[in-house]
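To start, the structure itself, in structure tokens.
Note on naming: letters A, B, ... go to the chains in the order of the sequence lines (proteins, then strands), and numbering restarts at 1 for each one. From a predicted model like this one, the values you see are computed outputs, not experimental measurements.
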Number of protein chains: 2
Amino acid sequence: MLRAMARVSTRDEILRVAAEQFAHFGYKGTSLQDIAAEVGCSKATLLYHFAGKDAILAELTAPAARELADLVARLAPLDDTAVQAAAIEGFVDLVLRHRREAKVIYGGIPQFLQEPAFAGLLPLTDALCAAFAGRSTEPAACIAAEVVLSGIVTVVIDEEREAAELRAALVGVARRALLTRPDDKD
Amino acid sequence: MLRAMARVSTRDEILRVAAEQFAHFGYKGTSLQDIAAEVGCSKATLLYHFAGKDAILAELTAPAARELADLVARLAPLDDTAVQAAAIEGFVDLVLRHRREAKVIYGGIPQFLQEPAFAGLLPLTDALCAAFAGRSTEPAACIAAEVVLSGIVTVVIDEEREAAELRAALVGVARRALLTRPDDKD
DNA sequence: GTCTATAACGAGATAGAC
DNA sequence: GTCTATCTCGTTATAGAC
């Protein structure tokens, strides 16, 4: 039971550093050189552990993408009134579990990478957005959902605050922003 | 009075296309090749009209950045209760006047460009964020302000809807999200 | 598993003809 | 003003020693 060391493995360290830099500077804005320098190894070592830069990205985002698919599946059977609250809490928790990856998955990526690993993401974010809007097709509700969704993923990477405080604040702002009926005690 | 033609000038067309592509794919994610192809000219023509890629970016963002500075200056003398409402309407209007540029200015840029043209932007967005929070230093208020601010700029570039409808929806969601006191009739 | 060296490619930018 | 051709540099990726 001594597996939780500071330095697990070079491979995991590469993933950690890459996630951080992709989120901060974007996929294109981050070079293998940058990642290698931060990890403390050479570019060649990166490419020994991963087939290429895109493979790092794919492996990085896979767990969060899978959890997003799970969340969307869990939301599907809920009725229009319950789906919004469940979407907010489920997504905030997901994003807090994957702070760095969230921004990479939600923003930026789909435009310049059509790999199978990312092809399924757009429908998922669309479904999540609809859930945030309480399945309303009102323009105001859709726009509000988009604002909240993109706002959350953008903010969470740069915020230093602890998870519990951040969670409460994000759930709170999402509820208020998406409020169409008076059901909360905040 | 016949200046409003479809094709004003190559120079303006370059600015228009660059703004669009920077917003969609990011500054680093857009090559001069990409811009030239969309404009229908060569890379050399781009560099005849502008000193370099960064000069395109600087000229592109200058008007919106100046307006942002003006807005922050207008907000400064307002008291804590009035500043929030003024910030919301002022910023939404600003963003709608500069849909494409807004995302470029608010996100992404500061990390990889420390030129004088952009050095002053971070303090401005910080001041705007404080205004959104009603100058509160409560974590919840600050986080809410960040969510709304980043959400607005992210959403506005991809939204197809007309300005009036978009404006009403954005102001509405911002007011609800930042609501700390009951003063609105929405 | 990690390194140095280098190949292969694409990017921003320049030169000079038209 | 716009082009083709070219230069230079940074990037991804490979080869081969240790």
If the cut-off is 4.0 Å, is A:S42 near the phosphate of C:dT2, judged by side-chain N/O to OP1 or OP2?
no

For C:dG1, does OP1 or OP2 lie under 4.0 Å from any side-chain N or O of A:Y48?
yes

Rounded to whole Å, CG of A:L57 lies from C1' of D:dT12 at a distance of 15 Å

Tabulate below the donor-acceptor pairs under 3.5 Å that side-chain atoms of residues 124-135 of chain A make, not counting sequence neighbours, or state none.
from, atom 1, to, atom 2, distance (Å)
A:T125, OG1, A:L121, O, 3.4
A:T125, OG1, A:L122, O, 2.9
A:R135, NH1, A:L78, O, 2.9
A:R135, NH1, A:D80, OD1, 2.9
A:R135, NH2, A:L75, O, 3.1
A:R135, NH2, A:A76, O, 3.3
A:R135, NH2, A:L78, O, 3.2

May I ask you to say whether B:R74 pairs ionically with B:E67, meaning some side-chain N is under 4.0 Å from a carboxylate O?
no

Report yes if at least one side-chain N or O of B:T10 is closer than 4.0 Å to OP1 or OP2 of D:dT2; otherwise report no.
yes

Counting primed atoms plus P, OP1 and OP2 as sugar-phosphate and everything else as base, spell out the protein contacts along nucleotides 11-18 of chain C at 4.0 Å heavy-atom distance: B, S or - for each nucleotide, 5' to 3'.
SBBBB---

Keeping the roles fixed (side chain from A:R99, backbone from A:E159), state whether a donor-acceptor pair exists under 3.5 Å.
yes

So, the side chain of A:K53 versus the backbone of A:T30: is there a donor-acceptor pair under 3.5 Å, distance only?
yes

I'd like to know if A:E38 and A:R16 make a salt bridge, using a cut-off of under 4.0 Å between side-chain N and carboxylate O.
no

Output yes when at least one side-chain N/O atom of A:T45 is less than 4.0 Å from OP1 or OP2 of C:dG1, else no.
no

A:D93: which residues meet the side chain to side chain donor-acceptor pair (under 3.5 Å) condition with it, sequence neighbours left out?
A:R167

Euclidean distance, atom CG of residue B:L46 to atom P of D:dT4 [Å, nearest integer]
14 Å

Given atom CZ of B:F50 and atom C1' of D:dT2, what is their separation to the nearest angstrom?
15 Å

